[in-house]
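Here's the structure we're looking at; comments come further down.
Excluded from the calculations below are hydrogen atoms, water molecules and symmetry mates; all remaining heavy atoms, backbone and side chain alike, are included. Just so we're on the same page: letters track the sequence lines, and every chain starts at 1.
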Amino acid sequence: MPELAEVEIAARNLRAWALGRRIERAEAEPSAAYVFRPGTPKRFTAQITGHRVESVRRIGKQLLWTLRGDDGPLGLLAHLGMTGKWLRREKGQPAPEYGKARLHLDDGHVLHFRDPRLFGRLRLVPGARFEEVDELKELGPDPLEAGIDPARLGAALARRRAPVKVAIMDQGILPGVGNILASESCFRAGIDPRRPAATLGGVEVARLAQSVLEAVHDAITRQEGPEIAYVEEGGENPFLVYAREGERCPRCKRADLRRLVQAQRSTFYCPRCQK
DNA sequence: ACCCGTGTTCGCTG
DNA sequence: TCAGCGAACACGGG
């Protein structure tokens, strides 16, 4: 369930699990070719096997692995898409359902990339030259790593006529912000998600910047644990407004939360608190 | 059967 | 060139 917070947890897990480990064998499901584009499952297997995991970095929703082999570094760019997840299993345990790729480590564990819906991506980056990858060039500064500069955010929003909730999901503006965080951030900031981005004043932009960081920190705090545990089946919805259409607003406790569709995605908001 | 979904990309339009 | 829009991608779950 990957937005910034989930990917950050994934990065922390992967560092704890894999840093310094040698990948004795990499495997990929031939049937999951879609995940490895551009590239093939075969190439994935052949190139990664034998490398050591040197670092795992996160920018927005992207995971940047740097692997070290005999003939220099190799990058692995991983995106979880809608349903991607990294899991760790002991050697010999059955692979998780929908496992698309596996990294057998030299400590008796196997890292599985599980992705039922196949919107995830695993992409090799020769020489780990991530600076040459187009999707990464287009990303803005990571909110968690660099903070959010209200002046920069204001300037970016000023150019947009799109609704503010849609604009803040632009990965060139706030990488890592997805559909949930966007709704949550607008709610926390008391800003109507339908407002054209360019109509926000300086005070509102500053409040929005702060709200995004708070929503991210809250989400990370909730999820820390051995694995990504997140709105697991039967778990309680941890969000303030997301997926709470019809429920009473947790702030004003008077209006009922509403749902609307923006840019083909659901938005949740309080019609009374968000101006 | 139908609708929904935590994401990105591509093609088209103004 | 850029902003905006809708479709497409693939598939499980309610």
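- Using a 4.0 Å cut-off between charged nitrogen and carboxylate oxygen, E29(A) and R102(A) count as a salt-bridge pair.
- Distances shown here put a side-chain N or O of R265(A) below 4.0 Å from the OP1 or OP2 atom of dG7(B).
- The side-chain tip of R251(A) points at the ring of F187(A) from less than 6.0 angstrom away and within 45° of straight on.
- Between R160(A) and the phosphate of dG4(C), there is a side-chain N or O to OP1/OP2 separation shorter than 4.0 Å.
- Across all strands, Q264(A) comes closer than 4.0 Å to base atoms (heavy-atom distances).
- Note: W65(A) and W86(A) have tilted aromatic rings, judged against thresholds of 30 and 60 degrees for the angle between ring planes.
- Closest approach to the R259(A) side chain among dC9(C), dA3(C), dG5(B) is made by dG5(B) (side chain taken as heavy atoms from C-beta onward).
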Counting only pairs under 3.5 Å, give me each side-chain donor-acceptor contact of residues 166-182 of chain A, with atom names and distances, residues two or more places apart or in other chains.
unit_1  : atom_1 : unit_2  : atom_2 : d
D170(A) : OD1    : G172(A) : N      : 2.7
D170(A) : OD2    : R160(A) : NH1    : 2.9
Q171(A) : OE1    : G176(A) : N      : 2.9
Q171(A) : NE2    : M169(A) : O      : 2.8
Q171(A) : NE2    : V177(A) : O      : 3.0
N179(A) : OD1    : K165(A) : NZ     : 2.5
N179(A) : ND2    : S266(A) : O      : 3.1

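- Picking from dG5(B), dG6(C), dA10(C) the nucleotide with the shortest atom distance to the side chain of M82(A) gives dG5(B).
- The aromatic ring of F119(A) is stacked on the base of dG7(B), with the two ring centres less than 5.5 Å apart and the planes inclined by under 30°.
- Between H79(A) and the phosphate of dT8(B), there is a side-chain N or O to OP1/OP2 separation shorter than 4.0 Å.
- The phosphate of dC11(C) has neither OP1 nor OP2 within less than 4.0 Å of any side-chain N or O from Y98(A).
- In this structure, T83(A) does not reach the dC11(C) phosphate: none of its side-chain N or O atoms is under 4.0 Å from OP1 or OP2.
- Here dT6(B) presents its P atom at 14 Å from CD1 of I168(A), a figure rounded to the nearest Å.
- The distance between atom CZ of R244(A) and atom C1' of dT6(B), rounded to the nearest whole Å, is 15 Å.
- Between the CG atom of L157(A) and the P atom of dG4(C) there is a distance of 11 Å, given to the nearest Å.
- Take the nearest nucleotide of DNA chain B for R117(A) and for Q171(A): the residue whose nucleotide is more 5' is R117(A).
- Residue D106(A) forms a salt bridge (charged side-chain N to carboxylate O under 4.0 Å, His left out) with just one option from R21(A), R25(A), K91(A), and that option is R21(A).
- The CD atom of E184(A) sits 12 Å away from the C1' atom of dT6(B) (whole-angstrom rounding).
- Rounded to whole Å, the C1' atom of dT6(B) lies 23 Å from the corresponding atom of dG4(C).
- One can place CZ of R161(A) at 11 Å from C1' of dC2(C), the figure rounded to the nearest angstrom.
- Of the candidates dG7(B), dT9(B), dG5(B), dT9(B) carries the atom nearest the E135(A) side chain, counting heavy atoms from C-beta on.
- You'll find that the side chain of R159(A) is closest to dA3(C), out of dA3(C), dG5(B), dC9(C).
- Straight-line distance from the NZ atom of K100(A) to the C1' atom of dC11(C): 9 Å, rounded to whole Å.
- Between R57(A) and D142(A) there is no salt bridge, since none of the side-chain N atoms of the basic residue sits less than 4.0 Å from a carboxylate O of the acidic one.
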Chi angles and distances behind the side chain to side chain contact (heavy atoms under 4.5 Å, CB included) call for N13(A), R88(A): CA-CA 9 Å; N13(A) 285 341; R88(A) 183 169 79 152; over 6 Å; no
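- OP1 or OP2 of dT6(B) has not a single side-chain nitrogen or oxygen of K85(A) nearer than 4.0 Å.
- Contact annotation for R37(A): no contact, since no heavy-atom pair falls under 4.0 Å across all strands.
- Atom name P, nucleotides dA10(C) and dG11(B): the rounded distance is 16 Å, in whole Å.
- Seen from the ring of F44(A), R123(A) does not count as a face-on cation partner, given the 6.0 Å and 45° thresholds.
- Residue K61(A) places none of its side-chain N or O atoms closer than 4.0 Å to OP1 or OP2 of dT6(B).
- Among the duplex regions that DNA chain C forms, those built from at least three successive Watson-Crick or G-U pairs under 3.5 Å are B:2-5 with C:11-14, B:7-14 with C:2-9, ordered by first number.
- Between D256(A) and R248(A) there is a salt bridge, since at least one side-chain N of the basic residue sits less than 4.0 Å from a carboxylate O of the acidic one.
- Distance R194(A) CZ to dG4(C) P: 18 Å, rounded to the nearest Å.
- Checking dG7(B), dC11(C), dG5(B) against the side-chain heavy atoms of N179(A) singles out dG7(B) as nearest.
- Rounded to a whole Å, the CZ atom of R121(A) is 9 Å from the P atom of dC10(B).
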